[in-house]
Amino acid sequence: QVQLVESGGGLVQPGGSLRLSCTTSGSMFSIGKMGWYRQVPGKERELVATITNDHSTEYGNSVKGRFTISIDNANNTVDLQMDNLAPEDTAVYYCYTRGLRYSDYRYLLEDLWGQGTRVTVAS
């Protein structure tokens, strides 16, 4: 019922910046937590950054000080500003959210994942 629409991935040189965006669509959805995880072939998916609807944040150790996550509650959108990108940041980035979907006069707790957007950091 709820879809996560991701955008902003692409190719960037080391030291450059990208901004990823993820928004919900399709149904009324109240975000509890939203953010990004990333994965490279052969490795486990790892935390990048998450943010709650009251703006509490969590960052993976490898991105602290370089990435900044923010949330727009009204539009159910989360942005990830990625600065000082390094080749080690190359991965497919997946949007994640946990929230409440309004359906049939009640709210249902859901965990959702996007399809992923690729970030490549290379010269």
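Aromatic pair Phe67/Trp36: ring centres not closer than 6.0 Å. Annotation: Tyr37 is not in aromatic contact with Tyr94 [ring centroid separation under 6.0 Å not met].
For the atom pair CG of Leu112 and CE of Met34, the computed distance is 9.0 Å after rounding to the nearest 0.5 Å. The line from CG of Leu108 to CG of Leu100 is 8.5 Å long, rounded to the nearest 0.5 Å.
The existence of a salt bridge linking Arg98 and Glu110 is excluded, since no basic side-chain nitrogen approaches an acidic carboxylate oxygen closer than 4.0 Å. Residues Asp83 and Arg66 are not paired through a salt bridge, judged by the lack of any N-O separation under 4.0 Å between the basic side chain and the carboxylate.
Note on ring orientation: taking the six-membered ring where Trp is involved, the planes of Tyr96 and Trp113 are tilted (angle from 30° to 60°).
Checking side-chain atoms of Thr77 against main-chain N and O of Asn75 turns up a donor-acceptor pair under 3.5 Å. No donor-acceptor pair under 3.5 Å is formed between the side chain of Thr24 and the backbone N or O of Val2. The closest donor-acceptor contact from the side chain of Gln13 to the backbone of Ser123 lies at 3.5 Å or more, if one exists at all. Not one N or O on the side chain of Asn53 forms a donor-acceptor pair closer than 3.5 Å with the backbone of Lys33.
Nearest heavy-atom pair, Ala91 versus Val40, reported as atom, atom and distance to 0.1 Å: CB-CG1, 3.6 Å. Scanning all heavy atoms of the two residues, the minimum distance from Ile69 to Gly35 falls at CD1-CA, 3.7 Å. Taking each heavy atom of Gly116 and Glu6 in turn, the nearest pair found is N-OE1, 2.6 Å.
Under the 4.5 Å side-chain criterion, counting only non-hydrogen atoms from C-beta, Tyr93 is in contact with Met82. Inter-residue side-chain proximity for Ile31 and Ile71 is flagged as met; some heavy-atom pair is nearer than 4.5 Å. Side-chain contact between Leu85 and Leu18 is present, with at least one heavy-atom pair separated by less than 4.5 Å. With contacts defined as side-chain heavy-atom distances shorter than 4.5 Å, the pair Leu4/Thr97 qualifies. At a threshold of 4.5 Å between non-hydrogen side-chain atoms, the residues Asp79 and Leu20 do not count as touching.
Val5 pairs in a side-chain contact (heavy atoms from CB on, under 4.5 Å) with only one of the listed residues (Cys22, Ser25, Ser21, Cys95), which is Ser25. Under the side-chain contact (heavy atoms from CB on, under 4.5 Å) test applied with Glu58, the options Thr50, Val48, Ile51 reduce to a single match, Thr50.
Both Tyr102 and Leu109 are part of a single hydrophobic cluster, where members link through side-chain heavy atoms under 4.5 Å apart. Hydrophobic clustering, with ILVMFWY side chains joined whenever heavy atoms are under 4.5 angstrom apart, groups Leu47 together with Val92.
For Glu46, the CD atom sits in a packed shell: over 12 heavy atoms of surrounding residues, nucleotides or ligands are nearer than 6.0 Å. Heavy atoms of other residues, nucleotides or ligands lying less than 6.0 angstrom from CD of Gln115 number 12 at most.
Between the side chains of Arg38 and Ser62, at least one donor N or O sits under 3.5 Å from an acceptor N or O.
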Given the rule in the side chain to side chain donor-acceptor pair (under 3.5 Å) test, do Arg118 and Thr120 qualify, once you have shown the distances and angles that lead to the verdict? CA-CA 6 Å; Arg118 183 168 181 83; Thr120 302; 3.3 Å; yes
